[in-house]
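See below for the structure under consideration.
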Amino acid sequence: MRTYLKDLNKIEDGKDIDVYGWVQESRKIKKLLFLILRDNTGIIQVTVKEENVNNYDEVYGITRESVINVKGTVNKKSVSKQGIEILAREVQVLNAAETPLPMGIIDRVSADFDTRLNNRFIDLRKIDNALIFRFESELLFFIREYMHSEGFIEVHTPKIVAAATEGGADLFPVSYFEKKAYLNQSPQLYKEILMGSGFDKVFEVGPAFRAEKENTIRHLNEFTSIDVEMSFSDDEYVMGILENSIKYSINNVIDNIGDLLNENGYGIKKISVPFPRVTYSELIEYLQKNNFEIKFGDDFSPEASKFISRKYDNFYFITKWPAELRPFYTMPDKNNRDITNSFDLQLGDIEVCSGAQRIHNYELLEENFLKKGLNKNSFDFYIKAFKFGMPPHAGWGLGLERLVMNILKLNNVRESTLFPRDRSRLSP
RNA sequence: GCCUCGGUAGUGUAGCGGCCUAUCAUACGGGCCUGUCGAGCCCGUGACUCGGGUUCAAAUCCCGGCCGAGGCGCCA
């Protein structure tokens with residue numbers, strides 16, 4: 001029976017063992033051979049002596065990153081640094097790796113990020129890189145758990161659509177039999193239709209596509225969006241859902257794999273709520289006082305965002321954005337039509353989530369279509385749902401890769417994407 | 001899309017008009033070594049992004065293409 005390497009220290013000294021993995025290194029001293037074996041859970045030294053195996057020559061010539069099976073006994077009195085090793089009785093080469101490797105796994109030379117991505121299957125053999133995705137998985141698990149505990153149901157909306165969600169962003173066209181279609185940039189419109197269907201609380205985890213020609217460390221053309229929509233709710237309430245889900249998730253992940261993250265250089269701390277809130281207008285004033293050339297209605301430049309982020313050492317909300325900076329479906333403030341019941345969640349200088357109370361009134365929505373210069377007719381499938389009993393509602397969309405990137409303090413969103421799609425990368 | 005910078009062995013780099021038959025590390029191949037663990041020692045293989053041009057002479061300068069990194073605009 002297979003044993004995972006992380007479980008080896010639970011096994012008694014001298015017991016028979018059967019392990020599988022990759023040969024990370026081999027150190028040869030004539031009639032003595034040390035293999036460093038790695039599996040998904042850890043590493044172990046395998047000591048191979050000529051007199052103990054019947055294919056010593058084959059094992060001696062084994063290449064790095066070959067996949068092998070080792071049967072042998074656990075030696076807990078090993079003089080190796082790990083203090084534990086496997087004395088091999090049988091080493092079977094399941095699949096030999098070619099040499100040289102496209103890039104090293106444990107070599108004392110770095111590789112460019114481009115080289116790493118071109119050889120992502122190897123890059124992900126590095127524990128610290130793979131751990132990013134373990135972290136992402138855990139994070140998402142607990143966000144889902146939180147959502148379920150709050151009565152949300154997980155839904156799946158189409159990614160091939162006939163019209164733009166928000167009008168502004170560029171879409172990837174696809175050919176849909178005899179029609180023209182697009183890859184959806186957001187599940188927004190479908191989430192809202194589901195509010196009209198009485199689903200009350202929904203969330204979705206799925207891909208979103210943006211055909212924007214960005215070339216930055218925080219943009220992807222395909223990313224994973226965690227979307228939430230909730231009926232009879234407003235911006236304030238869903239901000240609470242957001243901060244609580246993040247708190248719940250991060251704190252649970254730390255309980256689970258906090259040590260592992262620390263060992264690999266991802267020092268993260270538990271967080272508490274509520275997150276600080278600051279209005280857009282307050283920040284505009286703050287920036288103006290600090291000699292930034294910015295006025296109400298402007299978005300924050302990256303430089304301004306960096307400046308603002310110095311005031312906060314963790315998550316914070318920027319609320320009450322001007323209507324002109326927000327999509328057509330965003331609810332205006334009832335006392336001031338120039339601002340909206342909207343928010344962004346920031347971590348550091350990067351926006352990880354954006355949300356709002358939505359317009360539920362048909363006439364107001366129609367008016368906003370005109371204001372934003374959108375063609376109402378192409379949104380018929382959506383706007384129809386507002387005529388026959390649409391409840392007030394609010395929600396948000398959270399960029400998963402950006403969230404992971406920022407929590408783990410990675411310096412590029414592509415680091416938290418298995419196979420990133422950016423301005424120029426379409427493979428692997 | 002605009003701007004800046006860059007492309008030298010499998011990988012990461014040095015060299016930036018003639019000392020280049022191109023540096024160093026790492027990897028790779030071979031040899032020595034029975035407890036290594038960044039193993040060590042010896043030997044070896046291996047590269048100037050492509051196309052034009054300038055020059056007696058180009059990895060090095062100029063123009064263009066291709067590829068990449070980052071910044072901006074925009075956004076999650």
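Note that these values count all heavy atoms, side chains included, but never hydrogens, waters or copies made by symmetry. First the proteins, then the strands, lettered A, B, ... as listed; each starts at 1.
RNA chain B is contacted by both A:R425 and A:D112; A:D112 maps to the nucleotide lying nearer its 5′ end (nearest heavy atom per residue). Taking for each of A:F34 and A:E351 the nucleotide of RNA chain B with the nearest heavy atom, the 5'-most of the two is the partner of A:F34.
Within 4.0 Å of A:R218, counting heavy atoms only, lies at least one base atom of the nucleic acid.
What separates CD1 of A:I217 from C1' of B:C74 is a distance of 15 Å, to the nearest Å. In this entry the distance linking CZ of A:F113 with C1' of B:G7 reads 19 Å, nearest Å. Atom CG in A:L398 sits about 18 Å away from atom P in B:C75, given to the nearest Å. Separating the CZ atom of A:R414 from the P atom of B:A69 is a distance of 6 Å, rounded to the nearest angstrom. Rounded to an integer number of Å, the gap from CD1 of A:I29 to C1' of B:A39 is 7 Å. Between A:W321 atom CH2 and B:A76 atom P there is a gap of 10 Å when expressed in whole angstrom units.
Applying the 4.0 Å criterion to OP1 and OP2 of B:U36, one finds that A:S80 has every side-chain N and O outside that range. For A:R64, a side-chain nitrogen or oxygen approaches OP1 or OP2 of B:C28 to under 4.0 Å.
Ring-to-base geometry places A:F223 in a stacked arrangement with B:A76 (centre distance under 5.5 Å, plane angle under 30°).
Aromatic rings from A:F296 and A:Y280 are positioned such that their centres are separated by under 6.0 Å. A ring-centre distance under 6.0 Å is found for A:F203 and A:H148.
For A:K49 and B:G35, a side-chain-to-base donor-acceptor distance below 3.5 Å is present, hydrogens and geometry of angles not being considered.
A cation-pi arrangement is absent between A:K159 and A:F209, since the terminal nitrogen or guanidinium carbon is not both under 6.0 Å from the aromatic centre and inside a 45° cone about the axis.
In summary, the side chains of A:T47 and A:E85 do present a donor paired with an acceptor at a separation below 3.5 Å, with no hydrogens or angles considered.
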